[in-house]
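I have placed the structure first, in the form of structure tokens, so that the comments after it can refer back to it.
All ligand and atom numbering here is 1-based and tracks the order in the structure. Nothing here was measured: the structure is a model prediction, and the numbers come from that model. Numbering of residues begins at 1 and proceeds along the displayed sequence.
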Amino acid sequence: MKKTVLVSGGAGFIGSHVTVELLESGYEVVVADNFSNCDTTCFEGVKKITGRDDLPLVRMDFCDPAAVDRLFGEYDIDAVIHFAAFKAVGESVEKPVMYYKNNLESFLNVLEAAENHGGCNVLFSSSATVYGEPDQVPVTEQSPRKPATSPYGNTKQMCEDILRDAVKASKGLLKGILLRYFNPIGAHPSALIGELPRGVPNNLVPFITQTAIGRRECLSIFGNDYPTPDGTCLRDYIDIVDLAKAHVCAVSRMLDGKMKADCEVFNIGTGRPVSVLELVNAFEKVNKVKLNYRFAPRRAGDVTAIWADPSLANREMGWKAERSVEDTLAAAWAWEKHLAGK
Ligand code: UD1
């Protein structure tokens with residue numbers, strides 16, 4: 001019997017890539033999404049890639065407790081991966097109540113429904129943002145969490161704590177894994193799914209690809225006076241397909257009884273720091289395009305340098321980031337061209 005994984009926010013950027021990898025690894029998937037920050041492009045792409053025209057899609061809002069409870073009643077859910085959340089750092093500073101309400105309520109509803117239906121394995125999508133400006137790099141799972149600098153970051157920390165407490169109190173009904181993503185970038189090699197930011201992108205790679213295709217005039221590199229080798233910030237850019245595969249490893253770890261504690265946390269990154277300028281240069285080189293960019297002042301809230309020590313995930317989950325930055329940037333470019341119909 002196939003195990004069933006509920007993917008909340010499964011029509012979005014990360015959710016759609018995870019759905020593909022789960023299906024290709026023999027899991028059954030129920031995609032649930034309220035389409036508040038995406039359209040059906042990626043869901044349709046997932047169906048095409050996997051040949052699963054019958055893939056279940058539930059249009060629903062995870063802030064509606066009755067709808068979440070119904071979902072758990074309707075399907076026999078073995079594990080849930082919770083992506084459904086708002087994720088724009090700047091917007092969260094302007095609309096904190098909206099962020100807390102959406103990101104906390106939706107997760108609490110998942111946990112409540114999971115408990116009401118006999119328990120579940122819960123994977124929460126967390127972020128390296130919980131480490132803030134680290135004292136030491138690379139960061140391990142033991143590195144201290146720093147006070148969040150935005151309501152968005154705070155919701156990630158709070159959901160981590162909520163899951164930990166809920167697992168602890170559940171007497172074995174709930175098990176949890178927190179995956180702390182570094183900077184997910186790229187697209188599926190088929191170019192049928194990828195990142196679809198609404199409006200002006202906040203994140204670096206969509207801004208690069210949109211500039212290269214001509215939708216944006218010029219990329220601003222925020223700060224070239226950081227204490228780093230070339231003056232620009234260092235990040236750990238993780239390929240979206242590699243990241244998606246980490247979810248399959250985490251789900252099977254939970255379902256196959258391989259966990260060493262009831263709530264575990266893993267960094268999901270490459271362990272390789274790349275500067276903004278290096279990323280821009282790599283994009284130009286691998287895709288043979290010239291990018292219009294200029295140096296601009298630092299962006300408020302940016303940390304100088306952060307990258308992962310992913311050895312725990314490597315060792316414990318048997319997962320390792322495999323794709324090169326060049327392959328990832330080629331995939332991101334292929335996706336942007338696909339969107340532009342080129
Ligand atoms: C950001 C969020 C982080 C979130 C992650 C999700 C902040 C402070 N952090 O990470 O909480 O989990 O996205 O993907 O917003 N850059 C430019 N020009 C641009 C855009 C970005 O130079 O137009 C630079 C940034 O200054 C940074 C790097 O590129 O040094 C990466 O930026 P971004 O893609 O926004 O990710 P983070 O800020 O690392």
ask   = Under 4.5 Å between any side-chain heavy atoms of Ile213 and Lys337, yes or no?
value = yes

When you look for heavy atoms under 4.0 Å from ligand 1, do you find them on the side chain of [X], its backbone, both, or neither?
X: Tyr152; result: side chain
X: Arg298; result: neither
X: Asn183; result: side chain
X: Tyr226; result: neither
X: Asn202; result: backbone

Suppose I only count heavy atoms of [X] and a 4.0 Å limit; which atoms of ligand 1 are within that range?
X: Ser127; result: 12 (O)
X: Asp302; result: 8 (C), 25 (C), 26 (O), 38 (O)
X: Ile221; result: 22 (O)

How far is [atom] from the closest protein heavy atom, and which atom is that?
atom: atom 18 (N) of ligand 1; value: Ser220 O, 2.7 Å
atom: atom 1 (C) of ligand 1; value: Asn203 ND2, 3.8 Å
atom: atom 39 (O) of ligand 1; value: Arg235 NE, 2.6 Å
atom: atom 22 (O) of ligand 1; value: Phe222 N, 2.9 Å
atom: atom 30 (O) of ligand 1; value: Cys233 CB, 3.1 Å
atom: atom 24 (C) of ligand 1; value: Val276 CG2, 3.9 Å
atom: atom 7 (C) of ligand 1; value: Val89 CG2, 3.7 Å

remark   = salt bridge (charged side-chain N to carboxylate O under 4.0 Å, His left out) filter on Asp242, not counting sequence neighbours, yields none

query = Will you find, in the side chains of Glu91 and Tyr152, an N or O donor that is under 3.5 Å from an N or O acceptor?
reply = no

query = Are Asp236 and Tyr181 close enough that a side-chain donor and a side-chain acceptor fall under 3.5 Å?
reply = no

key: N/O donor-acceptor pair under 3.5 Å between Thr4 side chain and Ile77 backbone   = no

inquiry  = Geometry only, no angles: is Leu204 polar-contacting ligand 1 at N/O separations under 3.5 Å?
reply    = yes

key: Arg59 to Phe35 six-membered ring, cation-pi geometry met (6.0 Å, 45°)   = yes

request  = Scan residues 176-201 for pairs that pass salt bridge (Lys or Arg N to Asp or Glu O under 4.0 Å), counting only residues two or more places apart or in two chains.
outcome  = Glu160-Arg180

ask   = Would Arg253 and Glu264 satisfy salt bridge (Lys or Arg N to Asp or Glu O under 4.0 Å), going step by step from the backbone distance to the final call?
value = CA-CA 11 Å; Arg253 183 175 176 85; Glu264 295 181 322; 2.6 Å; yes

